[in-house]
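Computed from heavy atoms alone, side chains included, the values below leave out hydrogens, waters and symmetry copies. Keep in mind the model is a prediction, meaning the values are calculated, not measured. Counting starts at 1 for both ligands and their atoms, in listed order.
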Amino acid sequence: NIEENFQFILFGGTGDLAHNKIIPAFYNLAAKDILPNQYTIIATGRRYDNKKEYLDALYNSLVNKKGKVDNRIWQLLADHIDYFQLSFKDDNDFKRLKNNLENKAKKEKVSDRIFYLATAPNFFAEIAKKLKSFGLLDVALENNKARLVIEKPFGHDFKSAKKLNDTLTNIFSEKNIFRIDHYLGKEMIQNIMVIRLSNPIFRALWNKDHIDNIQIYLNESEGVKDRGKYYDDAGVIKDMFQNHILQVLSLIAMEEPENLTAKEISDKKVEVFKELADNDLSNIDRHIVRGQYDSEQVDGEKINSYQEEKGIDPQSKTATFLALKLFLNNERWQGVPIYLKSGKRLNKKEAAIAVEFKDDFHSAYLDQKNIDNNLLLIKIQPEEGVSLRFNTRKPASNNKIIPVEMEFCQSCQQFFNSPENYEGLIYDMIAGDKTLFTSWEEVCYSWKFIDKIQAKCEEENITLHKYPALSQGPDAADKLLETDGRSWLDKD
Ligand code: BG6
């Protein structure tokens, strides 16, 4: 349980994230009775005129999301929520906010202040500066307990990320900056370390001698929805690769940490990001497939092409799909291809990590080697679980080998309710545990790698393949693996 009383100041309190992720996560924490007796969520925004209107709107969003809300739990939570009308541009509002926080702090003996920036990214630096210049950090800083939580995107390239980071670290110490990557809040992503480090059967084989290839795919069926303006600048490479996919890769590929402290894990992840950033990308034209979704008729209904979506330039060349083959030049992974893939408007939402083993058979069975390889599949979503493919003797046969699959479905367990991604993250930011947040160094080297890919793609004028909405993506992505004698493991 969280013991320390805290103030949680939510900038962007009336936005989507607050309604659909942050407040529902608090609701779940309240239901589990792990919040202290005294805490306040001070949501700032402009949209609503008063607290009642705001709480009504939050309640409606919660009902929409959950279907059913326990009114007793909601009331427990609502008693701790305050609404504060504030414009980021108005200095006076920050002065009023400071007084408000201080008056509350006197009554409630608050020791921690958490400032959560769930706003458009162009406000991140400005808000942080005002927190300092208007004295909102003064009280809390006595114990060095003021924390800043910052949503993605953290910059739009290395240069802008560094500039933002310099501003933030002038105000907060790295220890108190929590950069969110909500994939790290997912159950099966947190499971990677346990699967890797606590199972001798995987731990002993986790290297180039036994692993043939690794695939990570984060496929989405939705389009860009109403985020066209942001997405057209970002594209899949900044939206999904720079953060989520590289984070997952770093956990799969890193060297074993000596312990599970946030610093040690981050250091090991950074080694992977550095190696990626050192990649010379000289074969990029043969190792990358860029795509953009086109319109399609599905069940008599037209699905818009990317270029027809709201907020998108009708001539846009932004990639909504990317497949990438890469190598890590270190002792553990030398020569093992790593295939990464993510796209919008694919035929289904499905995210998983596939670790395919080599066909290292005893000589007695060499003649049967052309069957499917042993495979460890870590299923991230929608189903959460693990499946393992291995070989057995075909019943009543003459020692004929057949691959079989063993399934563990975590999300199918009776009474199992997968926690919201944000639930654990919010718990950790209140408790001050940074393990599931990204350090500056991780962000820094991941941007360097992404910037390099972007520059290479432009330099070499890499083709943008159109793919029909709700399809499996461009055929070129299949060819990427076919030329290596392999295929994507997400194919039915
Ligand atoms: C976000 C991206 O970070 O992750 C979105 O900005 C994407 O474009 C989303 O849809 C995917 O998250 P999840 O949890 O639905 O896989």
Q: Give yes or no for whether the N/O distance cutoff of 3.5 Å, strictly under, is met between H244 and ligand 1.
A: yes
Q: Determine, using ring centers only, whether W74 and Y59 are less than 6.0 Å apart.
A: yes
(Q) Assess whether a salt bridge exists between K302 and E308, defined as any Lys/Arg side-chain N lying under 4.0 Å from an Asp/Glu carboxylate O. (A)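 A salt bridge is present here (some side-chain N lies under 4.0 Å from a carboxylate O).
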Q: Flag the pair E126 and K89 as a salt bridge only when some basic side-chain nitrogen lies within less than 4.0 angstrom of an acidic carboxylate oxygen.
A: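 Yes, this pair counts.
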Could you find the nearest protein heavy atom to [atom] and give me its residue, atom name and distance?
| atom | result |
| --- | --- |
| atom 6 (O) of ligand 1 | D239 OD1, 2.6 Å |
| atom 12 (O) of ligand 1 | H182 NE2, 3.1 Å |
| atom 15 (O) of ligand 1 | K349 NZ, 2.7 Å |

Atoms in ligand 1 with a heavy atom of [X] nearer than 4.0 Å:
| X | value |
| --- | --- |
| K152 | 1 (C), 2 (C), 3 (O), 6 (O) |
| K344 | 5 (C), 7 (C), 8 (O), 10 (O) |
| K186 | 13 (P), 14 (O), 16 (O) |
| Q381 | 13 (P), 16 (O) |

Q) Any idea which part of Y183 is under 4.0 Å from ligand 1, heavy-atom wise: side chain, backbone, both or neither? A) side chain
(Q) For E220, which part has a heavy atom under 4.0 Å from ligand 1: side chain, backbone, both, or neither? (A) side chain
Q. Does ligand 1 have an atom under 4.0 Å from some heavy atom of E222?
A. no
Q) Honestly, is K186 close enough over Y183, meaning NZ or CZ under 6.0 Å from the six-membered ring centre and within 45° of the axis? A) yes
Q. Cationic tip of K325 within the cone over Y339's six-membered ring, i.e. under 6.0 Å and within 45° of the normal?
A. no
Q) Between F357 and F202, how do the two ring planes meet: parallel, tilted or perpendicular, split at 30° and 60°? A) parallel
(Q) Angle between ring planes, H182 versus H244, binned at 30° and 60°: parallel, tilted or perpendicular? (A) perpendicular
Show me, pair by pair, the donor-acceptor contacts under 3.5 angstrom made by side chains of residues 459-467, not counting sequence neighbours?
| unit_1 | atom_1 | unit_2 | atom_2 | d |
| --- | --- | --- | --- | --- |
| K466 | NZ | Q292 | OE1 | 2.9 |
| Y467 | OH | T320 | OG1 | 2.8 |
| Y467 | OH | K344 | O | 2.7 |

